[in-house]
*Asks:* 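My questions will all concern the structure given below.
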Amino acid sequence: MPKEPRINHQAGTERARPLLHQHAREIQPYGKIAKLPIALDESVCALSVDNLNQVLADTITLRDLYKKHHWQAAGHTFYQIHLLFDKHYEEQNELVDTIAERIQSLGGISLAMAADVAETTIIPRPPRGREEVPVQISRLLEAHEFLLKEARTMAKQASESGDDGTNDVLVSDIIRTNELQVWFLAEHLVDVPLVRADESSSEKEPAKSKSASAR
Ligand SMILES: [Fe+2]
């Protein structure tokens with residue numbers, strides 16, 4: 001039997017083949033500023049980038065804490081809590097992008113990977129297990145407060161060094177969003193009755209107003 005001619009299926013396709021497994025030195029080491037023409041000193045950019053990377057790591061952590069609690073919520077408020085946690089997750093996710101792109105526009109490098117975030121964040125690590133809703137909310141409130149505290153200090157620093165753009169991101173985006181989310185969370189921890197009014201507290205009222213009018 002005559003042999004079939006061998007066809008080289010790859011012949012002539014060299015230019016269309018992907019160039020795999022490429023490596024090279026990184027173009028900018030982490031922690032260095034690739035100066036852009038934005039009329040800010042390199043030292044000002046470096047300080048803002050440092051601060052913003054801390055806020056970024058903490059915002060990524062808070063964002064992920066919301067998703068954890070969104071999945072793991074339990075109890076009779078499940079539906080509304082499940083949705084609220086996801087709404088806040090989405091808002092924090094937008095902040096993550098805003099902060100990261102502010103860092104890049106200052107000529108810095110934004111943190112990105114989970115391991116680097118875990119090494120940097122100051123928000124305490126939660127357990128892997130599932131917690132009650134009041135504990136979830138308390139944990140989130142504490143995380144928000146860490147973020148708000150550092151964001152206010154950094155906003156002042158940015159303003160003093162002349163970096164108005166960073167000050168604006170910290171105040172208009174980070175501080176305002178976090179304060180609003182704190183309000184929505186904290187109201188869930190106010191211990192008011194669900195159906196029956198607490199009569200014992202209304203009995204105490206006249207006694208209070210009596211002493212007030214006596215003054
Ligand atoms: Fe979901």
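Bear in mind the structure is a predicted one, so any value in this text is a computation, not a measurement. One-based numbering, in listed order, for ligands and for the atoms of each. Counting from 1, the numbers follow the sequence of the chain as shown.
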*Asks:* Regarding R102 and D168, does a basic nitrogen lie under 4.0 Å from an acidic carboxylate oxygen?
*Replies:*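 Result for this pair is no, no salt bridge flagged.
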
*Asks:* With side chain to side chain donor-acceptor pair (under 3.5 Å) as the test, pick out the partner of T121 among D116, D58, D64.
*Replies:*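 Single side chain to side chain donor-acceptor pair (under 3.5 Å) partner of T121 among D116, D58, D64: D58.
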
*Asks:* Using side-chain hydrogen bond (donor to acceptor under 3.5 Å, both in side chains) as the criterion, list what pairs up with Q28, not counting sequence neighbours.
*Replies:*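 Per chain and number, Q28 pairs via side-chain hydrogen bond (donor to acceptor under 3.5 Å, both in side chains) with no residue.
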
*Asks:* Should the ring pair F184 and H88 be called parallel, tilted or perpendicular, given that the plane angle runs from 0 to 90° and is split at 30 and 60?
*Replies:*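 Because their plane-to-plane angle is over 60°, the rings of F184 and H88 count as perpendicular.
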
*Asks:* Which N, O or S atoms belonging to the protein are less than 2.8 Å from the Fe ion (ligand 1)?
*Replies:*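 Near the Fe ion (ligand 1), below 2.8 Å, one finds H70 NE2.
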
*Asks:* May I ask whether F78 and L140 are part of the same hydrophobic cluster, defined by side-chain heavy atoms of I, L, V, M, F, W, Y residues being less than 4.5 angstrom apart, directly or through others?
*Replies:*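 Different clusters: F78 never reaches L140 through Ile, Leu, Val, Met, Phe, Trp or Tyr contacts under 4.5 Å.
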
*Asks:* Taking only Lys NZ, Arg NE, NH1 and NH2, and the carboxylate oxygens of Asp or Glu, determine whether E131 and K68 approach each other closer than 4.0 Å.
*Replies:*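 No, this pair does not count.
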
